[in-house]
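Order of appearance sets the numbers: ligands from 1, and atoms from 1 within every ligand.
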Amino acid sequence: MHLEVFEAMSPYLKDCFGNPSSAHQFGRPVKVVMDEVREKIAELLNASPSEIIFCSGGSESDNIAIKGVALFNLKGKKHIVTSRVEHPAVLNTCRLLEKIGFEVTYIKVDQYGMVNPEEIKKAIKENTVLISIQHSNNEVGTIQPVEKIGTIAKERNIFFHTDAVQSFGKIPLNVNDLNVDFLSISGHKLGGPKGVGALYIKNGTSKLFPIISGGHHERNRRAGTENVPGIVGFGKACEIAKKDMESGSKYLTGLRDSLHRKLTCSVPKTTLNGHPTKRLPTTLNIGIECVEGESIMINLDLQGVAVSTGSACSSGTLEPSHVLTAMGIPHEKVHGSLRFSFGKMNTEEDVNYVAEILPPIVKKIREISPLWNE
Ligand SMILES: *Cc1c(COP(=O)(O)O)cnc(C)c1O
């Protein structure tokens with residue numbers, strides 16, 4: 001976490017412990033600070049502060065929007081459109097809704113992980129109540145044509161939610177251009193603390209069922225005393241993101257592309273997973289033929305480098321990534337995929353270090369692979 005973020009939070013864990021819902025002298029200033037953070041978030045989205053509600057993170061934010069709309073429509077429209085490359089917070093929410101009688105269409109994507117807005121148009125039915133399409137993908141970084149999809153939803157009077165957790169603070173977002181009714185964000189993806197997030201709810205949107213019932217917090221959208229230190233830290237992270245977005249984006253794109261170039265030269269048979277240009281500055285996902293991503297990951301970990309692979313270890317088996325699979329990448333290539341994520345604290349030295357240690361690791365693993373044939 002950014003040091004400045006930590007320092008901003010610290011008083012709210014100690015002396016400024018008032019409850020923002022309390023009208024007394026200890027509560028009032030905390031509410032003021034919380035509302036200042038609403039302004040900071042709203043500014044980054046070109047929204048109004050009254051359109052921002054706080055919650056526990058990106059997952060909850062996705063849940064509030066999707067389940068909120070669905071439960072309001074239990075007796076009405078019951079069709080939802082989403083994509084095959086959404087974050088599990090969206091996908092598993094939709095799967096749960098299927099169990100209680102909703103119909104969900106999971107739109108396919110192209111080889112870059114991109115949704116075609118025409119496919120959305122085709123999927124829409126008379127009873128479609130909600131479209132949920134991510135702003136950018138967390139595994140490959142592909143940025144979706146959200147503006148076009150938003151226009152389609154708006155023309156047809158269908159609610160539109162976008163999971164912008166990966167984009168927020170990294171690339172510019174404007175809720176008016178995007179034509180969204182709901183937009184989800186999370187603190188820890190931009191250098192803020194974990195366990196805090198927010199949902200943008202367009203003013204005038206009343207057809208939303210609160211999934212956490214209780215008091216009147218957050219305009220009756222989300223009950224429960226707010227995570228004040230987390231919110232304050234989130235606000236500081238927004239402030240920094242606003243100041244640094246342009247330079248940060250250039251810097252990170254530079255590091256990302258530098259590593260990509262170096263690996264393309266030094267490791268034969270690699271491919272880029274994700275869109276070559278419409279992609280987050282922070283994400284490089286590459287497929288390396290004839291290796292197990294897990295073995296590379298373990299070797300890199302031993303040398304101090306943390307990466308993710310194209311597989312997720314669930315219930316003891318290696319599940320190939322649903323994102324890479326949806327992009328049409330064959331399973332053996334999915335298992336040989338690595339995701340590098342970049343942050344402001346990374347340097348060109350880090351890139352050089354990875355570019356130096358990765359080729360011999362790949363070479364060693366390929367030498368013992370029955371599939372590898374030089
Ligand atoms: C991380 C992430 C989430 C979940 O956010 P949490 O704050 O960890 O719950 C949701 N969507 C996307 C795209 C993410 O990258």
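At least one heavy atom of K189 sits less than 4.0 Å from an atom of ligand 1. Residue contacts with ligand 1 do not include E60, since none of its heavy atoms lies under 4.0 Å from the ligand.
A side-chain donor-acceptor contact under 3.5 Å links S167 and S136. For the residue pair T105 and H79, a side-chain donor N or O sits within less than 3.5 Å of a side-chain acceptor on the partner.
Residue contacts with ligand 1 for S59 involve both N, CA, C or O and side-chain atoms from C-beta outward (heavy atoms, distance under 4.0 Å).
Ranking the protein heavy atoms by distance from atom 7 (O) of ligand 1 puts S186 OG, 2.6 Å first. The protein non-hydrogen atom at the shortest distance from atom 11 (N) of ligand 1 is D163 OD2, 2.6 Å. In this structure, atom 12 (C) of ligand 1 lies nearest to the protein heavy atom H87 CD2, 3.3 Å. Closest to atom 6 (P) of ligand 1 among all protein heavy atoms lies G58 N, 3.4 Å. Distance from atom 8 (O) of ligand 1 to its nearest protein heavy atom, with residue and atom name: H188 NE2, 2.9 Å.
A salt bridge links E367 with K363: the distance from a Lys NZ or Arg NE/NH1/NH2 to an Asp or Glu carboxylate oxygen falls below 4.0 Å. In this structure, K78 does not pair ionically with E103, as no charged nitrogen and carboxylate oxygen lie closer than 4.0 Å.
Heavy atoms only, all atoms of each residue included: A164 and L173 are closest at CB-CD1, 4.0 Å. Annotation for E218 and M34: closest pair OE2-CE, 3.9 Å, computed over non-hydrogen atoms. Here the closest heavy-atom approach between residue V33 and residue Y12 is recorded as CG2-OH, 3.1 Å.
Those atoms of ligand 1 that come under 4.0 Å of a heavy atom in G57, given as number and element, are 7 (O).
For a threshold of 3.5 Å applied to N or O pairs, the pair formed by Q166 and ligand 1 contains at least one separation below that value. Ligand 1 has no N or O atom lying under 3.5 Å from any N or O atom of N138, backbone or side chain. The N/O atoms of V165, backbone and side chain alike, include none that comes under 3.5 Å of an N/O atom in ligand 1.
Ring orientation note: the planes of F234 and F168 are nearly perpendicular, at an angle over 60° on the 30°/60° scale.
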